Each structure stands twice: as C-alpha cells, then as structure tokens.
Amino acid sequence: MPELPEVETTRRGIAPYIEGERVCGVVVRQPRLRWPVPARLKAALCGQTIDTVRRRGKYLLLESAAGTVILHLGMSGSLHVVEAGTSAEKHDHVDIIFANGCCLRLRDPRRFGAVLWTTRAAETHKLLQGLGPEPLSDVFDTDYLFTASRARRVSIKAFIMDSKVVVGVGNIYASESLFMAGIHPQTAAGRIGRVRYERLVRAIRQVLGKAIEQGGTTLRDFTNSEGKPGYFQQQLQVYGRAGEACLSCNGRIRSLQLGQRNTFYCPQCQR
DNA sequence: ACTTCGACCTGTTGGC
DNA sequence: TGCCAACAGGTCGAAG
C-alpha cells in the first residue's frame, strides 16, 4: 500500500494528535510482524512524551527522550488515530495509547510491517543507516544519481526502487516517473546519460511532490489517518493501465516483469 | 561489490 | 456459486 507519499500523508495526519502527548499504554495483540515487536516496547514507551513524528524514507519515527519507535507499514499497513477504547478489528495489531485519549492504531493484514524500538539515534539503526537520500532533498540531484549509476547493469526501474540509491520510490511511482522522463524501464542504469538523469530527477520529484499534495494514491484501500482516500490515482499515466491508450501518444500501454514486479510503460514515449 | 531470487503474510480478483 | 491460482503499494538477506 504505502510508498513515500502515503507514508508522508500518514505522518501529517497523525502528528497533530500525538506530538507533545504522553504515552500511557501500549497494547500488542499480534507481536509477529516482519520482525517481532520488542517485548520491552511497552515498558520503554509508557510515560514518555512523543516529541516529534518524523519520516525517513518509508519509515516513521516517533521520537521521545528515552528512544524512538521505528514504524514501517510494509505492503498493507496503515495507521489511524481512534478514540482510546475503540474496539479493535481483526488485523489491528498494535495500539499506542495517549493520555489525551487518542489511540494510534496499526492495522496490517499481511504483517510485512514493523514496529521496533531503539534507544540510539534512529539514523544509526541497522535498517536506516544504509539508506540513500530523500528524493525531495537537495542531495538528490543529477550529479548524485548519474555518479551512483555508473557501471550499474540493473534496469533503471530496479535502480530507482533500490532504497540504497534513493528512498521512497515504490512500484507505482517508479513507473510513473520513468514515463514522465521518457525513459524505458528496462534500460540499464549505467547506460543512461546525464541529460536523461536530469529529467529523471525532476520527474521523481514532481511525481512524489504531486502525490503528497493529493494525499497519496488509493488503489484498493489506502486511507489516510482520518479514513479518507488519496486522489493521486486519478493522475496515474501508466500504472495499472496495460492495454489502455497512452494519454500522451494514444499508443498502447504495455506491462512487463522487472525484478518480480509488474512494470507499466508506453513503448512509444519511453525509449 | 553487484544481481537475482526466495521468503515473509493475508485478502481480493478473475477465470473456469 | 464455488474453488483455486495469481496477484498486490515492500524489502531483507542468502546465494550465486
């Protein structure tokens, strides 16, 4: 479900309810997520105040003086703020309850998500330390991407979906960005020139930025923390449109498998 | 060091 | 209507 825009939409949705609020309870109904939810989470977190809710790539970081909760939504996770005491449904695995009466609830049917706890700077955590730059930051520019891609034989699509290269570009926005940049998804990353990387950087920024503005993409069931869907799917140019007409050239959108992921592109517009 | 691929889960969809 | 296979927005870590 969530790529960077959906995670950012979630962050913005939950922050006002929990920033500056004190945790007074933690309920773990299902500790078996991607990694076990640490048993010490409850003891560590109770009594702490969540100072800030940050995002790094697709990870959400709830920071307190004692440590940081690292959250990942995986493929099917979502966070909602409900009133403390609201009855839990089938896949509501973890609640963090606040003294102000709010309950931050993680739902994740496929359980690819994660809830972890670290007492050190979150950036140094194993899962975060190798991450590439934020796509919307200044560090992510043409030079960076061009240099990082030299001698790389992977497809450009797999390359931009690699979180060590750049974070937050998932399967939907990878296809969309490559369409906008006019680059065929199968092209080897190392064989793409500077000028085209300039276009690609711009496209990634634009696509992600626009998607955040629209509250993310809702294909099946993504809703923000208030239960509202995102609207970016109305702007999707190629994702999920195999067999349909390209909105730019009227040719047929095609799909292919790249790195075990479905990939959409227009063979006319993308070379 | 790079690349590919299996693995982790459940729910939904589409074909027969 | 029912059953079953295929597929889904992520990504780690092993193996080549």
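Labels below follow one simple rule: chain letters A, B, ... track the order of the sequence lines, proteins then strands, and each chain is numbered from 1. Every value quoted in this text rests on a predicted model; they were computed, and no experiment measured them. Heavy atoms only: backbone and side chains are in, while hydrogens, waters and symmetry mates are out.
Counting only N and O atoms by type, the side chains of A:Thr52 and A:Glu63 include a donor and acceptor under 3.5 Å apart.
With C1' as the reference atom, B:dT3 and C:dG9 are 24 Å apart, rounded to whole Å. When the P atom is compared between B:dC9 and C:dC4, the two are found 22 Å apart, to the nearest whole Å.
For CD of A:Gln257, the number of neighbouring non-hydrogen atoms (other residues, nucleotides, ligands) closer than 6.0 Å is greater than 12.
The side chain to side chain contact (heavy atoms under 4.5 Å, CB included) with A:Glu6 is formed by just one residue from the set A:Ile172, A:Thr217, A:Leu73, A:Ile212; it is A:Thr217.
Listed pair A:His91 / B:dC9 fails the phosphate criterion, with no side-chain N or O lying under 4.0 Å from OP1 or OP2. Checking the phosphate oxygens (OP1, OP2) of C:dG10, no side-chain nitrogen or oxygen of A:Arg34 falls inside 4.0 Å. A:Lys126 has no side-chain polar atom (N or O) that falls below the 4.0 Å cut-off from OP1 or OP2 of C:dT11. Residue A:Asn262 has a polar side-chain atom (N or O) positioned under 4.0 Å from OP1 or OP2 of C:dA8.
The residue A:Tyr239 sits close only to the backbone: its heavy atoms come under 4.0 Å of sugar-phosphate atoms, none of a base. Backbone-only contact: A:Leu127 has heavy atoms under 4.0 Å from sugar-phosphate atoms and none from a base. A:Lys90 comes within 4.0 angstrom of sugar-phosphate atoms only, judged by non-hydrogen atoms across all strands, and of no base.
Among the nucleotides C:dA8, B:dT3, C:dC12, the one closest to any side-chain atom of A:Ser163 is C:dC12. Taking every side-chain heavy atom of A:Arg261 into account, C:dG9 is the closest of B:dC9, B:dC5, C:dG9. The side chain of A:His72 approaches C:dG10 more closely than any other nucleotide in the set C:dA8, C:dC12, C:dG10. Across B:dC9, B:dT3, C:dG9, the shortest atom-to-atom separation from the side chain of A:Arg152 is found for B:dT3.
With hydrogens and angles left out, the side chain of A:Glu3 and the base of C:dG10 share no donor-acceptor pair within 3.5 Å. Between the side chain of A:Arg110 and the base of B:dC9, a donor-acceptor pair under 3.5 Å is found.
Protein atom CG of A:Leu71 is 14 Å distant from nucleotide atom P of C:dT11, rounded to whole Å. Atom-to-atom, CD of A:Glu89 to P of B:dT10 comes out at 17 Å; the value is rounded to the nearest Å. Rounded to whole Å, the distance from CG on A:Asp92 to C1' on B:dG11 is 15 Å. Here the P atom of nucleotide B:dA7 and the CZ atom of A:Arg32 are 17 Å apart, to the nearest Å. Distance A:Lys164 NZ to C:dG13 C1': 10 Å, rounded to the nearest Å. The CG-C1' distance, from A:Leu258 to B:dC5, rounds to 14 Å in whole Å. Rounded to whole Å, atom C1' of B:dC2 lies 12 Å from atom CZ of A:Phe159. Atom CZ in A:Arg111 sits roughly 19 Å away from atom P in C:dT11 (whole-Å rounding).
In this pair, A:Phe112 lays its aromatic ring flat on the base of B:dC8, centres within 5.5 Å and planes under 30 degrees apart.
Pair assignment for C:dC12: B:dG6, on the basis of Watson-Crick or G-U wobble contacts that are both within less than 3.5 Å. Checking B:dG15 for Watson-Crick or G-U wobble geometry (two distances, each under 3.5 Å) identifies C:dC3 as its partner.
When atom types are taken as modelled, the side chain of A:Glu244 and the backbone of A:Ile253 share no donor-acceptor pair closer than 3.5 angstrom.
Taking the side chain as every heavy atom from C-beta outward, A:His125 and A:Arg120 never approach each other to under 4.5 Å.
A salt bridge links A:Arg54 to A:Glu123: one of the charged nitrogens lies within less than 4.0 Å of a carboxylate oxygen. In summary, A:Arg12 and A:Glu8 engage in a salt bridge, as defined by a charged side-chain N under 4.0 Å from a carboxylate O.
Heavy-atom distances to DNA chain B give each of A:Gln260 and A:Val154 a nearest nucleotide, and the one nearer the 5′ end belongs to A:Val154.
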